[in-house]
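The structure under discussion appears below in the form of structure tokens.
Just so you know, these numbers use all the heavy atoms, side chains as well, and skip hydrogens, waters and symmetry mates.
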Protein chains: 2
Amino acid sequence: MNNQKTNKAVSRATLERLPKYYAFLAGLLAKGREVVSGTKISQRFGFDPTQVRKDIEAAGGQGRPRIGFEIRPTMLAIETFLGWNNTNDAVLVGAGYLGAALLGYEGFAGKGLNILAAFDKDPARQKQINGKTIFDMDRFEDLVKRLGVKIGVICVPAKDAQSIAELMIQAKIKAIWNLTPTHLNVPEDIIVEDADLSSSLSILSGRLAAKNK
Amino acid sequence: MNNQKTNKAVSRATLERLPKYYAFLAGLLAKGREVVSGTKISQRFGFDPTQVRKDIEAAGGQGRPRIGFEIRPTMLAIETFLGWNNTNDAVLVGAGYLGAALLGYEGFAGKGLNILAAFDKDPARQKQINGKTIFDMDRFEDLVKRLGVKIGVICVPAKDAQSIAELMIQAKIKAIWNLTPTHLNVPEDIIVEDADLSSSLSILSGRLAAKNK
DNA sequence: TAGATTGTTAATCGATTAACAATC
DNA sequence: TAGATTGTTAATCGATTAACAATC
């Protein structure tokens, strides 16, 4: 239940790299490979080999000196560590362009996220996308509580994000995937993960601006 | 042209925080405020006050002891530093759900990105979205070279991302905004910025998995 | 066996935070 | 003036990289 293996919190950076290794391993497996060295993985991405070994170790993977890492068990370790084979139900609020894109995307299931339903205050959007019903906001709290959903995805306009976050917390949601540029103020026990395209774009344009200086 | 002010490269973390400050400042300005202290900004986001001062200083902003930062000039400094008022043209490849969402989003203009046109190999998608034409891939290299576009946005399926990146480089594109989970191998002088929703989701589910351990 | 590779400890690097003098 | 706040230098912290013994 609580921290069996003195799990020293793994860094965000590691959590970002593990899925990359996973994809690479999947590719090798498809080609019939069974084993790969950390060095090979590191070369693929331009990372330091030590970092790759540490990341995999943090995920619970184990290699054999002189041999390398067995691909199957390593992939399983990553899946388990990232919670991919322990799918969590989620609800989405805001079925605009981006919300629709997320509802239409099939790939999340393999990463532990199952969007059950969506909500939007605009009646014109209260239809179905990809077999998922978009309900009126009125029904949010009741439905989310009854379903016991613990993850909320926010795709509303920036100015509405904070109030939707508060509504989610009231409905007992514990983790928020925030796709807006708004910084959410939430209690400490709520997990917020920002996936802000605008912020990524700012970094790109900042890097370009720095280069052209 | 080249590094007038010994511009020590600013960290990604700083580039991610600056737009948040900007949004906060815009809000204050709308309320009629003219000045704000770094401390106030830091409290809004739960950051360290020193960090805020350093970030703003890195962006070329300047405060006055005892007074704080004037909002207008600070916003202008951030805009300029991030290249927002120096709009760059871009082309997008892959007009699926996510690509369509990006084409439909109006907010990028204010962040220095102007998507001129899109490309997709699927004839069914070769229409218009939000006034932007979606061309066949055949026309990519010629059109991009003629327009002199330097930024490419990749929204294709993961497996096609690398080959699209190579096509872009061949068409003289210098910066790639990569919205796929694929790690792109490119020459050193090409800027790649990843905006991978899957990766962000992995972090969320990894954090949830760690918490529920 | 010899040598490649892991696992792990130590060193380095960079970013965050603390401290404090300068300033208006 | 007194005190709040900046600008900047120093200390801390954490992540990355280097080094190397253990291992198959």
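What separates CZ of Phe47(A) from P of dA18(D) is a distance of 15 Å, to the nearest Å. Regarding Gln51(A), its CD atom lies at a distance of 17 Å from the P atom of dG14(D), rounded to whole Å. Rounded to whole angstrom, the span from the OH atom of Tyr21(B) across to the P atom of dT6(D) amounts to 12 Å. When rounded to the nearest whole Å, the span between CZ of Phe45(B) and P of dT17(C) equals 15 Å. Atoms CG (Asp55(B)) and P (dT8(D)) sit 15 Å apart, rounded to a whole Å. Between Glu57(A) atom CD and dT17(D) atom P the separation is 17 Å, expressed in whole Å. As a whole-Å value, the separation of Ile41(B) CD1 from dT5(D) P is 12 Å. Protein atom CG of Asp48(A) is 17 Å distant from nucleotide atom P of dT9(C), rounded to whole Å.
For Phe69(A), the listed nucleotide lying nearest its side chain is dG7(C); candidates were dT17(D), dG7(C), dT17(C).
Residue contacts shown for Arg53(A) include a base, since a base heavy atom lies under 4.0 Å away.
For the pair Ser37(A) and Arg66(A), nearest-nucleotide mapping onto DNA chain C gives the more 5' position to Arg66(A). Between Lys54(A) and Thr50(B), the one whose closest nucleotide on DNA chain D sits nearer the 5' end is Thr50(B). Where Gln62(B) and Arg12(A) each meet DNA chain D at their nearest nucleotide, the meeting point lying more 5' is that of Gln62(B).
A heavy-atom distance below 4.5 Å is found between the side chains of Arg12(B) and Glu193(B).
In this structure, the ring of Phe108(B) has its center less than 6.0 angstrom from the ring center of Trp177(B).
Within the structure, every side-chain polar atom (N or O) of Arg17(B) is placed at least 4.0 Å from both OP1 and OP2 of dA15(C).
Under the 3.5 Å distance criterion, with hydrogens and angles disregarded, a donor-acceptor pair is assigned to the side chains of Thr14(B) and Ser11(B).
Under the Watson-Crick or G-U wobble criterion, with both distances below 3.5 Å, dT12(C) is paired with dA15(D). The pairing partner recorded for dA4(D) is dT23(C), the criterion being a Watson-Crick or G-U wobble arrangement whose two distances lie under 3.5 angstrom.
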- Task: For salt bridge (Lys or Arg N to Asp or Glu O under 4.0 Å), just list the numbers for Arg53(B) and Glu57(B), CA-CA rounded to whole Å, side-chain angles, deciding distance to a tenth of an Å, and then say yes or no.
- Result: CA-CA 6 Å; Arg53(B) 279 178 265 151; Glu57(B) 206 231 335; over 6 Å; no

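Ring orientation note: the planes of Tyr21(B) and Phe45(B) are tilted relative to one another, at an angle of 30° to 60°.
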